[in-house]
Amino acid sequence: MKNNLLIYNTLTRKKEIFIPIKASLIGMYVCGPTVYGDAHLGHARPAITFDLIFRYLLYLGYKVRYVRNITDVGHLETDTDDGEDKIAKKARLEKLEPMEVVQFYTDRYHENMNQLNVKKPSIEPRASGHIIEQIEMIKKVFAEGYAYEVNGSVYFDVEKYNKTHDYGKLSGRVLEDLMSNTRELEGQSEKKNSYDFALWKKAMPEHIMRWPSPWSDGFPGWHMECSAMGCKYLGDRFDIHGGGMDLLFPHHESEIAQSNIANGSDPAKYWVHNNMVTINGQKMGKSLNNFITLNDFLSGKHEALEQAYSSMTIRFFILQAHYRSTLDFSNEALIASEKGLSKLMNASETLQKLVASEKSDFDVQRLKQKCYDGLNDDFNSPILIAHLFEAVKWINSINDGKASLLKADIDLLKELFNDLVFKILGLKPEEEAAGSDELFDGVMNTILEIRKEAKIKKDWALADKIRDKLSRLNINVKDTKEGVNWEVKE
RNA sequence: GGUGAUGUGGCAUAGUGGUUGUGCAUAGGAUUGCAAAUCCUAAAACAACGGUUCAAAUCCGUUCAUCACCUCCA
């Protein structure tokens with residue numbers, strides 16, 4: 001199964017057979033969040049996309065070192081002389097220590113990731129903890145002659161690089177086009193060319209995040225951290241480098257350039273980019289101010305939300321689209337995911353108590369093959385989910401006594417659900433909202449006992465009244481063959 | 001302007017040169033005291049126009065529309 005895995009490589013714009021650089025250990029680096037605000041739905045996309053990839057690689061038996069950074073310095077507000085560090089700006093506004101802001105939002109990010117059942121990366125390095133590594137890398141670029149210093153700031157000489165390398169090979173840019181089409185920005189006088197990018201920026205007096213360097217007190221340029229930390233933990237060349245499509249240019253393109261000069265090779269073999277979440281057809285993003293935070297989803301308190309959505313609904317919603325497609329947010333779509341997920345989870349429970357028969361009406365082995373074929377085809381989770389719903393239908397049919405499966409097939413189906421639904425897709429049953437305490441259970445049992453007596457007396461009015469009133473309290477009562485069932489709705 | 005995508009039933013999302021699929025929504029039926037859940041059935045799409053082909057929604061071309069990146073953004 002291992003050798004069937006196809007991964008779409010942005011670098012070649014093709015699906016390629018996944019062949020690890022080293023047989024024993026896979027290195028994967030993913031650009032993590034800049035922690036100056038709460039994570040929104042857009043942040044959930046790469047986290048879940050690469051969580052799926054991480055989980056599947058682990059399932060296939062690979063050892064994986066997964067590095068996802070925390071950007072807590074370095075991303076400039078603008079690429080101009082008066083550019084200011086995002087974290088610092090936020091800190092100034094809130095009159096906090098920058099690291100206080102970083103700590104606060106990092107904790108909240110971790111909480112959100114935990115709610116989404118996103119596995120922790122193997123290493124989660126912080127840019128601020130790797131200033132020395134970044135400075136050392138800049139020195140190397142200098143030593144190779146591809147950096148120049150102006151007024152304490154250091155820039156990468158893209159034009160020189162492009163003479164021997166291909167600047168633009170990842171994003172499909174052509175340098176001549178960049179030259180003529182780059183927007184006019186003020187304060188770029190320091191750079192030889194507008195497309196040169198900063199390796200180190202001298203801090204202005206108002207900058208509160210600053211470190212000493214051979215060139216000035218300042219801070220590293222915005223692409224440096226990923227190169228330095230990726231190299232430190234995964235080596236000069238590792239297997240997978242991931243991130244959002246919006247990071248393709250200039251971020252990843254520039255990473256390739258500086259890594260080639262400093263380390264002599266492209267940093268990654270496979271470049272994997274997830275697409276955007278859209279809202280009304282437009283990218284959900286900070287700058288457009290059209291984002292909905294994950295905490296908003298969980299609470300339902302946002303004007304665009306008709307209701308609250310569980311973290312698993314969000315995860316399922318994201319997994320129902322292929323990671324390279326855009327995914328459009330709407331309440332209707334999320335409600336559809338919520339119901340679909342609930343159907344899948346119920347079937348998974350039903351599966352556990354299925355009774356075996358003398359014959360099998362379904363080909364479970366074939367289903368298994370189709371599921372893994374989907375995963376192996378560039379992590380196609382939506383097709384995998386579509387196949388799983390086929391199994392859901394089977395399970396319910398068997399439960400209804402309308403079809404049957406051999407014990408071996410039921411066991412295989414159980415294994416499939418365990419592996420695919422829980423281990424690989426990373427879904428988990430919704431937590432019981434309430435009702436897990438004895439008192440509540442006792443009260444419910446009492447009420448339902450009264451209802452049962454009413455039903456025996458054919459007092460439908462009373463029985464229905466109890467059910468309706470409970471329903472208004474978000475408690476669903478269902479009569480089944482085995483007796484009465486109840487659950488608390490979200 | 002440059003680069004790269006995308007346009008699939010009411011919504012969201014897959015897939016494929018010939019019979020399309022999944023979830024939600026809709027209609028009818030089964031089941032149920034009635035519901036819920038479940039099952040069965042149904043209707044309904046492949047942006048437009050050309051071309052290649054025995055056959056195209058799938059390949060090619062043109063057009064239209066939308067989006068992303070080119071400035072921080074997942």
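Remember, predicted model here, so these are calculated numbers, not experimental data. Order of the sequence lines sets the chain letters (A, B, ...), proteins ahead of strands, with each chain counted from 1.
Across every strand in view, B/G17 sits unpaired, with no contact that passes the Watson-Crick or G-U test at under 3.5 angstrom. B/G23 and B/C11 make up a base pair, with Watson-Crick or G-U wobble contacts both under 3.5 Å. Shown here, B/G1 forms a base pair with B/C70; the pair counts as Watson-Crick or G-U wobble because both key distances fall under 3.5 Å. With a cut-off of 3.5 Å on both pairing distances, B/U32 has no Watson-Crick or G-U wobble partner at all. B/A65 and B/U6 make up a base pair, with Watson-Crick or G-U wobble contacts both under 3.5 Å. Base pairing annotation: B/A56 forms no Watson-Crick or G-U wobble pair, as no partner gives both donor-acceptor distances under 3.5 Å.
Residues A/Ala47 and A/Tyr109 approach most closely at CB-OH, 4.3 Å, considering heavy atoms.
Atom NZ of A/Lys169 sits in a crowded spot, with more than 12 heavy atoms from other residues, nucleotides or ligands closer than 6.0 Å. Within 6.0 Å of NZ in A/Lys370 there are more than 12 heavy atoms belonging to other residues, nucleotides or ligands.
Between B/A25 and A/Lys339, a contact under 4.0 Å exists linking OP1 or OP2 to a side-chain N or O. Checking the phosphate oxygens (OP1, OP2) of B/C24, a side-chain nitrogen or oxygen of A/Lys343 falls inside 4.0 Å. In terms of phosphate contacts, A/Asn476 brings no side-chain nitrogen or oxygen within less than 4.0 Å of OP1 or OP2 of B/A36.
The distance between atom CG of A/Asn193 and atom P of B/U71, rounded to the nearest whole Å, is 14 Å. Following rounding to the nearest Å, A/Asp479 (CG) and B/U32 (P) show an atom-to-atom distance of 13 Å. Counting to the nearest Å, the C1' atom of B/A14 and the CZ atom of A/Phe317 are 15 Å from each other. The distance from atom CG of A/Leu470 to atom P of B/A35 is 19 Å, rounded to the nearest whole Å. In this structure, A/Glu332 places its CD atom 8 Å from P of B/A12, rounding to the nearest Å. Whole-Å rounding puts the A/Gln320 CD to B/A12 C1' distance at 8 Å. Rounded to an integer number of Å, the gap from A/Asp459 CG to B/C34 C1' is 13 Å. We find that CG of A/Asn290 is positioned 12 Å from P of B/C67, with the value rounded to whole Å.
At a cut-off of 3.5 Å, with distance as the only test, no side-chain donor of A/Glu111 or A/Asn114 sits close to an acceptor on the other residue.
The side chain of A/Arg467 has B/A35 as its nearest neighbour among B/A35, B/A68, B/G15. Out of B/C34, B/A68, B/U13, the shortest distance to the side chain of A/Ala321 is found at B/U13. Comparing atom distances between the A/His43 side chain and each of B/C39, B/C73, B/C70 picks out B/C73 as nearest. Ranking B/G23, B/C69, B/G33 by closeness to the A/Arg451 side chain, first place goes to B/G33.
With hydrogens and angles left out, the side chain of A/Lys283 and the base of B/C73 share a donor-acceptor pair within 3.5 Å. The base of B/C11 lies outside donor-acceptor range of the side chain of A/Asn331, with no N or O pair under 3.5 Å.
Comparing the C1' positions of B/C73 and B/A37 gives a spacing of 44 Å, expressed to the nearest Å. Here the separation of B/A42 from B/C34, taken at their C1' atoms, is 25 Å to the nearest Å. Taking the C1' atom of each, B/G7 and B/C40 are spaced 34 Å apart, rounded to whole Å. The gap from the C1' atom of B/U20 to that of B/A44 amounts to 14 Å, rounded to the nearest Å.
Within the 4.0 angstrom heavy-atom criterion, only backbone atoms of the sugar-phosphate kind lie near A/Asn396; the bases stay farther away. Within the nucleic acid shown, A/His322 comes within 4.0 Å of sugar-phosphate atoms alone, with no base atom in reach, counting heavy atoms only. Residue-level contact check: A/Val30 touches neither bases nor backbone, having no heavy atom under 4.0 Å from any strand. A/Val174 comes within 4.0 angstrom of no nucleic acid atom, judged by non-hydrogen atoms across all strands. Counting non-hydrogen atoms under 4.0 angstrom, A/Gln282 reaches the backbone sugars and phosphates but no base. Residue A/Leu327 is in sugar-phosphate contact alone, with no base atom involved, counting any heavy-atom pair closer than 4.0 Å across all strands shown. Residue contacts for A/Gly172: at a heavy-atom cut-off of 4.0 Å it reaches the sugar-phosphate backbone alone, with no base atom in range. Counting any heavy atom pair closer than 4.0 Å across all strands shown, A/Thr326 reaches sugar-phosphate atoms only and no base atom. Base engagement by A/Ser287 is indicated by at least one non-hydrogen atom pair under 4.0 Å involving a base atom. Using a 4.0 Å heavy-atom cutoff across all strands shown, A/Ser325 reaches sugar-phosphate atoms only and no base atom. As judged by a 4.0 angstrom heavy-atom cut-off over every strand, A/Ser471 is placed among residues making no nucleic acid contact. Using a 4.0 Å heavy-atom cutoff across all strands shown, A/Ile383 reaches sugar-phosphate atoms only and no base atom. Heavy atoms of A/Asn380 sit under 4.0 angstrom from primed sugar atoms or phosphate atoms, though from no base atom. Here A/Met245 lies out of heavy-atom contact (under 4.0 Å) with every strand.
With values rounded to the nearest 0.5 angstrom, A/Phe197 atom CZ is found 9.5 Å from A/Glu253 atom CD.
Taking 4.0 Å as the cut-off between side-chain N and carboxylate O, A/Asp468 and A/Arg472 do not count as a salt-bridged pair. Contact check on A/Arg68 versus A/Asp51 returns no salt bridge, with no Lys/Arg side-chain nitrogen under 4.0 Å from an Asp/Glu carboxylate oxygen.
Cation-pi check for A/Arg173 over A/Phe249 is met; the charged atom lies under 6.0 angstrom from the ring centroid and within 45 degrees of its normal. A cation-pi arrangement, defined by a distance under 6.0 Å to the six-membered ring centre and an angle within 45 degrees of its axis, is absent between A/Lys119 and A/Tyr66.
Stacking is not found between A/Phe389 and the pyrimidine-like six-membered ring of the B/G23 base under the 5.5 Å centre-distance and 30° plane-angle cut-offs.
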